[in-house]
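Written below as structure tokens is the structure these notes are about.
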Amino acid sequence: MENANRFQTIRNQSVKICEDLNAEDFVIQVAEFVSPAKWHLAHTTWFFETFILKPNVPNYQEYNSDFNYLFNSYYESVGSRTIRHQRGFLSRPTVEEIILYRAHIDESVIKWLTENNLSEDNLRVLELGLQHEQQHQELLITDLKYNLSFNEFDVILSDISENEVFKKSTDQIIIQEGIYEIGFCGEGFCFDNELNRHKVYLNPFSISPNLINNSEYLEFIEDGGYKNPLLWHSEGWNWLMNELIEAPLYWKKTETGWVHYTRSGTNLLVMDAPVTHISFYEASAFAEWRGKRLPTEAEWEVAATEFAWGNRWEWTNSAYLPYPGYRKAPGAIGEYNGKFMVSQMVLRGASIATPEGHSRATYRNFFHPNFRWQFTGIRLASDIS
């Protein structure tokens, strides 16, 4: 029963995130990199049907064969799928039908869990499915914020303390030159991209115990940071010019000062709160302006015991690449992480939207350098000569 209870608890949390929505809110998709809430709820359900029920339940009858096309995300070996930017085109199946689909699959999975002794392989896929569900819970929170921000009036969702203020420390953390180990070790779940644990050599460096806050970032803006090409990567400058970027996502300058859109509405900027919704390009340019740099992911992980983290996903200066000895899992499950190890940057830590259990020092999040709809932030490092 333990597996069944945990499965239902995690699945219920996804629906709870959507409890403040109207039917129309479930459907909208304003950009390719976000998905409609309805699609998230259906996709995670499709995952359990495809990778748990179909391979393990004798004579299993699909709920609806069309759902294989509608709610597959990127599993090429499983079959064709809806083009990503067209997920918001789907007015059918309705939200009500998706909820019924979830209930049917949940009931079937719970029945399977309670009536069978699961193999190690079964348990691994079940755990991956639950971790995948929780990843989509974070995406539900951030995608909903982005999708609903385009309304002409504020849509108020449950507050998740976006503007928490932290006491600043003035002492830099010093990490000595040496050979260190990074990567997952120990008990419990990890994603395959956290393996294998391996040694890295680090030159001496310092790293800040603090995230950059809104006040510090505003200094960068007011000093012409968005107008100085010398601070930016070439790609970053082109992105800036093409997209007419002048401030972090959701920021707006008004007659009474800077405001930003949050899940609790548009509010005055809290100057001492950590800056968020920052792209890698912006984080790197800010670091250049400060005469510092972003830490590598190895530096971040080695130093992580020395500072508080978990409020913002923190950009590192490391490309998302496999660790030594990395091997993709066979079959469609192997498409989960390895196929994305190109043209993306690593973020470390966690954010205020990250589910419990996904906040570990070895967790490797990754996004393209222009993405900023997640709760991303900045921590700076420096070389020590």
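Values below: every heavy atom of this structure, side chains too, minus hydrogens, waters and symmetry copies. For the single chain, residues carry numbers from 1 onward in sequence order.
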Applying salt bridge (charged side-chain N to carboxylate O under 4.0 Å, His left out), can you list everything that pairs with [X], at least two apart in sequence or on another chain?
X	result
Glu62	Lys54
Arg197	Glu181
Asp25	none
Arg379	Glu314

Say whether Val30 and Leu157 are linked into one hydrophobic cluster, either directly or through other cluster members, by side-chain heavy-atom distances under 4.5 angstrom.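 Same cluster: Val30 reaches Leu157 through Ile, Leu, Val, Met, Phe, Trp or Tyr contacts under 4.5 Å.
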* Ile99 with Ile28, same ILVMFWY side-chain cluster at under 4.5 Å ->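 Same hydrophobic cluster.
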Are the charged groups of Arg6 and Glu127 less than 4.0 angstrom apart, N to O?
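Answer for the salt bridge query: yes.
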- Lys/Arg-Asp/Glu bridge criterion (N-O < 4.0 Å) met for Asp272, Lys168: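 So Asp272 does not pair with Lys168 through a salt bridge.
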Test item: side-chain donor near acceptor, [X] and [Y], under 3.5 Å:
X	Y	result
Thr266	Asp154	yes
Tyr326	Asp192	yes
Thr44	Arg102	yes
Asn163	Asn267	no
Arg348	Thr316	no
Trp46	Asn72	no
Glu282	Tyr226	yes
Gln131	His358	yes

Output the distance between atom [atom1] ([X]) and atom [atom2] ([Y]), rounded to the nearest 0.5 Å.
X	Y	atom1	atom2	answer
Glu297	Thr362	CD	OG1	10.5 Å
Leu211	Ile378	CG	CD1	9.0 Å
Cys185	Asn196	SG	CG	11.5 Å
Gln172	Ser208	CD	OG	5.0 Å

Using distance only, find each side-chain donor-acceptor pair of residues 236-247 under 3.5 Å and give its atom names and separation, not counting sequence neighbours.
{"from": "Asn238", "atom 1": "ND2", "to": "Ser234", "atom 2": "O", "distance (Å)": "3.4"}
{"from": "Asn242", "atom 1": "ND2", "to": "Asn238", "atom 2": "O", "distance (Å)": "3.1"}

N/O donor-acceptor pair under 3.5 Å between Asp143 side chain and Val34 backbone
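Not a single qualifying donor-acceptor pair exists.
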My understanding is that only residues two or more places apart in sequence, or in another chain, count here; which of them pass ring pair (Phe, Tyr, Trp, His ring centres under 6.0 Å) with [X]?
X	result
His233	Phe280
His40	His136
Phe150	Tyr146
Phe375	His277

Requested in this report: Report yes or no: is the cationic atom of Arg11 (NZ for Lys, CZ for Arg) closer than 6.0 Å to the six-membered ring centre of Phe48, at no more than 45° off its axis?
Outcome: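 No - Arg11 does not lie over the ring of Phe48 by the 6.0 Å and 45° rule.
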query = Should the ring pair Tyr261 and Tyr250 be called parallel, tilted or perpendicular, given that the plane angle runs from 0 to 90° and is split at 30 and 60?
reply =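 Answer is tilted, since the angle falls between 30° and 60°.
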Please, which pairs that meet salt bridge (Lys or Arg N to Asp or Glu O under 4.0 Å) have at least one residue in residues 219-237, sequence neighbours excluded?
->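 Qualifying pairs: none.
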Q) Does any pair with a residue in residues 352-361 pass salt bridge (Lys or Arg N to Asp or Glu O under 4.0 Å), and if so which ones, sequence neighbours excluded? A)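 Sorted result for residues 352-361: Glu194-Arg360.
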*Does Val57 have any side chain to side chain contact (heavy atoms under 4.5 Å, CB included) partners at least two apart in sequence or in another chain, and if so, which?*
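So Val57 forms a side chain to side chain contact (heavy atoms under 4.5 Å, CB included) with Leu53, Tyr60, Trp112.
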